[in-house]
Amino acid sequence: METLVNGKETITQKKTMPGAEAVICSLLAEGVDTIFGYPGGAIMPIYDALYSYQDRIEHILVRHEQGAVHAAQGFARVRNEVGVVFATSGPGATNLITGIADAQIDSTPLVCITGQVTSGLLGTDAFQETDVIGISMPVTKWNYQITDAREIPEILAKAFYIAKSGRPGPVLVDITKDAQFASMEYAYQKCTEIRTYHPIPVIKQDKLKKAAALINEAKRPFLLVGQGVLIAQAQEVLKDLIEKAHIPSAWTILGLSALDNDHPLNMGMLGMHGNYAPNVLTNECDVLIAVGMRFDDRVTGDLSKYARQAKVIHIEIDSSEIDKNVKAHVPVIGDAKQVLEALLPLVKENDHQPWLDRFHELHQIEEEKIINNDLYPQSKGIRMGEVVRHISEATKGEAIVVTDVGQHQMVTSRYYGFKSPHSSVTSGGLGTMGFALPAAMGAKVGKPDRPVVAIIGDGGFQMTLQELGTIFQYNIPVKIVILNNSFLGMVRQWQQLFFERRYSFTELKNPDFTAIARGFSIESQKVGEREQLPQAIAQMLSHPGAYLLEVTVEKEENVFPMVPSGAAVADIRME
């Protein structure tokens, strides 16, 4: 098989091969070097074809298909490229759905390839037949079922183009077993355009000028950093813009790590468990600049009371997000990097020190009431914040940190000192418990030269702990920290605050996590005393292989500040 380069397109000369081999050759043409998957009857021909290409593509055999898709998400997020997943038909395909939905709402590019029963059996309720196209349609950017082997190269080329371009997302391609067996004349051409699909909008110059005028006239500007900044690789031009105009900035949980935590214009996290100053001052700014974010309800709180005083500039690649939740006075539709590069010369140098001082005043209040106690507690029990502080200090803020969902997720986002982009991986929009362990595994496979630390609650860990088997088999040296409070902590906090301490089915009787780890030949340790923490963390980080550290933390610790559900962001609670 010979490859020719023609401009931006890659064309592979024709060669007769089975459809299954055409799948593998198409992945190679797209530069794929890693697949996460689980074999089964309906995808067996593709796995048989993969057997001959093991020297060119690494396949990671997970222990559950949900683990495969979360691992591919972690891989995609740290590499900023498409993650690839294989699964068989029926339960194999349906087990992907949670991860696909997670990828859709968090704009993570995936290509999921599922096997399907032979085309003659479609619709007959054959063994392990499910309508994965119908099931996945609401949670994919695009999906397609292949019944003719000749379609494979073109459809996979489209799949990669759609998954990665514009606002990224997951794509699912379902391939019947007869199409995998059938012979076809294979030639591959990368997809660079689709007639009815325009992923990168043309930026309107009049909108840019209006946005610049608002920023230049603002007395109290405030910029919100979303994940779109990271996807577009716009972090450097973002920094240039806020430094030039001296604009305080804060980030959504998915925008975390786009701006160094110690940058003087970084005011912290937005939202339900975000920092006090950014939440309160959202309702005092005169110009609100949102870059690559969708105004999620966890960021806005009560929309009727959200930033009503501000002129809103919304920079967003997906036009469907404009005015969906918050009315934009100046919508600028386009790629975040392209928009910020065009906006930068139009924005004047400025100084907003009195406005910045207001952020610092409120931060001081939060520091005295909450932060100091979280990071340097006087209580007997270990607090989650001090564990994160020790990890941050020991890794110098240079690790990739993967979090599950819950209290530990909020604490880690608040207190880990990120120093480089694409370093925070978490489940944002869907809030998927069980995300972190497989996602950390995928992140480490994607970035083997960087330390990867998974910080997980005891509840979420038990949802996907079977992936310890994958970590063991492939010797993936990920570091796993379980913050164990023997509760579904975030739900318990809500039950305490809003349901009169009626702890309905949130207390956990947990197994010996260290013994489970040892069963997979993974080094482990459990600590419950503050004095043990620094040495235990150092031992974990210095260990050459995978390591599980269980830390027993305060059982009924709450995460504050907190914007109660349905409240205004300015009504943030400190206790």
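Note that the structure is predicted; figures quoted are calculated from it, not measured. For reference, positions follow the sequence shown, starting with 1. Only heavy atoms go into these numbers, but all of them, side chains included; no hydrogens, no water, no symmetry mates.
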Tell me if the [atom1] atom of [X] is crowded by more than 12 foreign heavy atoms within 6.0 Å.
{"X": "Lys141", "atom1": "NZ", "answer": "yes"}
{"X": "Glu193", "atom1": "CD", "answer": "no"}
{"X": "Lys324", "atom1": "NZ", "answer": "yes"}
{"X": "Arg298", "atom1": "CZ", "answer": "no"}
{"X": "Lys210", "atom1": "NZ", "answer": "no"}

Looking at [X] and [Y], what are the two nearest heavy atoms and their distance?
{"X": "Val478", "Y": "Ala440", "result": "CG2-CB, 3.7 Å"}
{"X": "Asp404", "Y": "Gly460", "result": "OD2-CA, 3.6 Å"}
{"X": "Leu96", "Y": "Cys112", "result": "CD1-CB, 4.3 Å"}
{"X": "Cys191", "Y": "Ala157", "result": "CB-O, 3.5 Å"}
{"X": "Ala245", "Y": "Val347", "result": "CB-CG1, 3.6 Å"}
{"X": "Ala342", "Y": "Leu208", "result": "CB-CD1, 3.5 Å"}

Backbone N/O of [Y] and side chain of [X]: donor-acceptor pair under 3.5 Å:
{"X": "Asp178", "Y": "Ser119", "answer": "yes"}
{"X": "Asp323", "Y": "Ala328", "answer": "yes"}
{"X": "Glu129", "Y": "Gly123", "answer": "yes"}
{"X": "Asn275", "Y": "Gly268", "answer": "no"}
{"X": "Asp33", "Y": "Ile57", "answer": "no"}
{"X": "Asn283", "Y": "Ala307", "answer": "yes"}
{"X": "Asn143", "Y": "Val171", "answer": "no"}
{"X": "Gln309", "Y": "Cys285", "answer": "yes"}
{"X": "Asn350", "Y": "Lys244", "answer": "no"}
{"X": "Asn325", "Y": "Arg294", "answer": "yes"}

For the residue pair [Y] / [X], report whether a side-chain donor-acceptor contact shorter than 3.5 Å exists.
{"X": "His273", "Y": "Gln409", "answer": "no"}
{"X": "Thr464", "Y": "Glu467", "answer": "no"}
{"X": "Tyr474", "Y": "Glu58", "answer": "no"}
{"X": "Gln73", "Y": "Asp102", "answer": "yes"}
{"X": "Asp174", "Y": "Gln116", "answer": "yes"}
{"X": "Arg450", "Y": "Ser423", "answer": "yes"}

Euclidean distance, [Y] [atom2] relative to [X] [atom1], rounded to 0.5 Å:
{"X": "Leu172", "Y": "Gln104", "atom1": "CG", "atom2": "CD", "answer": "12.0 Å"}
{"X": "Leu270", "Y": "Leu256", "atom1": "CG", "atom2": "CG", "answer": "11.0 Å"}
{"X": "Ile113", "Y": "Gln180", "atom1": "CD1", "atom2": "CD", "answer": "9.5 Å"}
{"X": "Leu430", "Y": "Asp106", "atom1": "CG", "atom2": "CG", "answer": "7.5 Å"}
{"X": "Glu21", "Y": "Lys15", "atom1": "CD", "atom2": "NZ", "answer": "5.5 Å"}
{"X": "Tyr188", "Y": "Leu27", "atom1": "OH", "atom2": "CG", "answer": "8.0 Å"}

Q.
I need the single residue from Arg79, Lys447, Gln233 that forms a side chain to side chain donor-acceptor pair (under 3.5 Å) with His422. Which is it?
A. Gln233
Q: Could you go through the side chain to side chain contact (heavy atoms under 4.5 Å, CB included) check for Trp142 and Tyr197 one step at a time?
A: CA-CA 12 Å; Trp142 184 62; Tyr197 172 57; over 6 Å; no
Q. Could you walk me through whether Glu316 and Ile322 pass the side chain to side chain contact (heavy atoms under 4.5 Å, CB included) check?
A. CA-CA 7 Å; Glu316 171 60 47; Ile322 302 297; 4.0 Å; yes
Just wondering, do [Y] and [X] contact through their side chains at under 4.5 Å, heavy atoms?
{"X": "Arg220", "Y": "Val287", "result": "no"}
{"X": "Tyr161", "Y": "Lys190", "result": "no"}
{"X": "Ile60", "Y": "Ile35", "result": "no"}
{"X": "Ile43", "Y": "Thr114", "result": "no"}
{"X": "Val299", "Y": "Tyr306", "result": "yes"}
{"X": "Lys207", "Y": "Ile315", "result": "no"}
{"X": "Ile231", "Y": "Ser107", "result": "yes"}
{"X": "Leu288", "Y": "Ile313", "result": "no"}

**Q.** All salt bridge (Lys or Arg N to Asp or Glu O under 4.0 Å) counterparts of Lys158, not counting sequence neighbours
**A.** Glu154
**Q.** Residues in salt bridge (Lys or Arg N to Asp or Glu O under 4.0 Å) contact with Arg167, at least two apart in sequence or another chain
**A.** Asp318, Glu321
Q: Measure the acute angle between the ring planes of Phe86 and His59, then classify it against the limits of 30° and 60° as parallel, tilted or perpendicular.
A: tilted
Q) Using 4.0 Å as the upper bound for N to carboxylate O, is an ion pair formed by Asp260 and Lys239? A) no
Q.
One thing to verify: whether Arg150 and Asp148 come together as a salt bridge, which I'm taking to mean a side-chain N less than 4.0 angstrom from a carboxylate O.
A. yes
(Q) Testing Ile400, Val452, Val402, Asp449 one by one against Lys444 for a side chain to side chain contact (heavy atoms under 4.5 Å, CB included), which residue passes? (A) Val452
Q: Determine the sole option in Ile253, Val453, Val425, Thr426 for which the side chain to side chain contact (heavy atoms under 4.5 Å, CB included) test with Thr403 is passed.
A: Thr426
(Q) Could you go through Asn95 and His64, starting from their C-alpha distance and side-chain angles, then the distance that decides it, and tell me whether this counts as side chain to side chain contact (heavy atoms under 4.5 Å, CB included)? (A) CA-CA 8 Å; Asn95 282 343; His64 189 285; 3.6 Å; yes
Q: Given side chain to side chain contact (heavy atoms under 4.5 Å, CB included), test Tyr186 with Thr16 step by step and report yes or no.
A: CA-CA 6 Å; Tyr186 176 81; Thr16 301; over 6 Å; no
Q: Tell me whether the centres of the aromatic rings in His70 and Phe36 are closer together than 6.0 Å.
A: no
